[in-house]
Amino acid sequence: MAEETTAPAVGREDEGKSKSKLWKGVFAVTGIMTTLVIYGVLQEKIMRVPYGAGANQEYFKYSLFLVFCNRIATSAVSAGVLLASKKALDPVAPIYKYGLISISNILTTTCQYEALKYVSFPVQTLAKCAKMIPVMVWGTVIMQKRYKGPDYLIAFLVTLGCSIFILYPAGPDISPYSRGRENTVWGVSLMVGYLGFDGFTSTFQDKLFKGYNMEIHNQIFYTTICSCILSLTGIILQGHLLPAVDFVYRHNDCFFDIALLSTVATTSQFFISYTIRTFGALTFATIMTTRQLVSILLSCVWFAHPLSWEQWIGAVIVFGSLYTKTFLRKVPQKASLPEQMPNGASGPAKS
């Protein structure tokens, strides 16, 4: 009789785990989508919209200052969380490993801000849609992961679908930033750098989470502290610290935008770290890729932009690929269920 009641109990436990993981996924996706859509709007406004009125209009040009402000806010919040939860502030991993994440993260953010000076919103979004590919490359190099043919195919299809969606708008007003200087070698190089450094950052974060018994806030605190030191050093060496402070002092609306950007960036960092630790770097890249498409879809709905038939095809390719990926992940789970022995008992699953 005991054997007969074991299977339902195991089934309920598995069902509970599935529901828990589902809600964790909803939490991660909602948090990342919300914070990063706001983050994207703010960073584009700060870097591409002039401040001031009339002849006094000027552009904010200090990318590292934005990075410094973001990291100061994030490190302060993470330190507060660690102290409030009475968890140790001692580093779990060697400091240089936190430093590697900091360096790559600073380079990622700087490339992203600087690229907005040279490429339009569609071009940058197109580049961001290719996140899955560098993550898979870094995963192979750093973590010795072996991805199967379907993984590469799905990454290619998602990138292709997003590319089609962006490159074939129904109207000419999808981007108000079309200028002659847009498609330069420097702008494209910055986006390539952004993709490479961003893929390394998320993959190495994933490696630290799996290699050490590390809390999310612990990694964020030491990573952002290193980033603060590095970005402040860079600002001083460039001679941009005083000009940036003077700019913010003269333009109060810029100060508000930077404060809000730092708040959203801090919030998004916690969602990102939570997602990478819970689901891994490739799932995070998938969410980020989908976010690019969703942000444009929301823009089309909000501003009544029509969708071309090419864009519908792109959307079908992206979401069809993602749903296929989810289905393929479930197949091995079915194969690994405990086999029923002749007497009704559960046997060991095949590896």
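Here, residue 1 is the first one in the sequence, and each next residue gets the next number.
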| said: In terms of relative ring orientation, are F247 and F60 parallel, tilted or perpendicular, with 30° and 60° separating the classes? | reply: perpendicular
| message | Strictly distance-based, threshold 3.5 Å: is any side-chain N or O of T223 a donor or acceptor partner for the main-chain N or O of I220? | response | no
| query | Is there a donor-acceptor pair closer than 3.5 Å between any side-chain N or O of T203 and the backbone N or O of F200? | reply | no
| Within the 6.0 Å centroid threshold, strictly below: Y249 and F255 | no
| said: Here's a test for you: under side-chain hydrogen bond (donor to acceptor under 3.5 Å, both in side chains), which of T35, T74, T224 qualifies with T266? | reply: T74
| request: Assess whether side chain to side chain donor-acceptor pair (under 3.5 Å) is satisfied between R71 and S102, documenting all intermediate values. | output: CA-CA 10 Å; R71 301 305 180 266; S102 300; over 6 Å; no
| task | Show the numbers, then the answer: is there a side chain to side chain donor-acceptor pair (under 3.5 Å) between T110 and S63? | result | CA-CA 6 Å; T110 302; S63 302; over 6 Å; no
| field | Contacts of type ring-ring contact (aromatic ring centres under 6.0 Å, His included), residue Y98, not counting sequence neighbours | value | Y222
| remark: When rounded to the nearest 0.5 Å, the distance separating OG of S262 from CG of L42 is 10.0 Å
| Heavy-atom donor-acceptor pair, S231 side chain to C228 backbone, under 3.5 Å | yes
| Hydrophobic cluster membership, F197 vs Y96, 4.5 Å side-chain cutoff | yes
| task | For Y152, look at atom OH and say whether over 12 heavy atoms of other residues, nucleotides or ligands are found less than 6.0 Å away. | result | yes
| Under 3.5 Å: donor-acceptor pair, side chain of T34, backbone of G31 | no
| With sequence neighbours left out, which residue pairs that include part of residues 252-269 fulfil the salt bridge (charged side-chain N to carboxylate O under 4.0 Å, His left out) condition? | K45-D257
| query | Any sub-3.5 Å donor-acceptor pair from T30's side-chain atoms to F27's backbone N or O? | reply | no
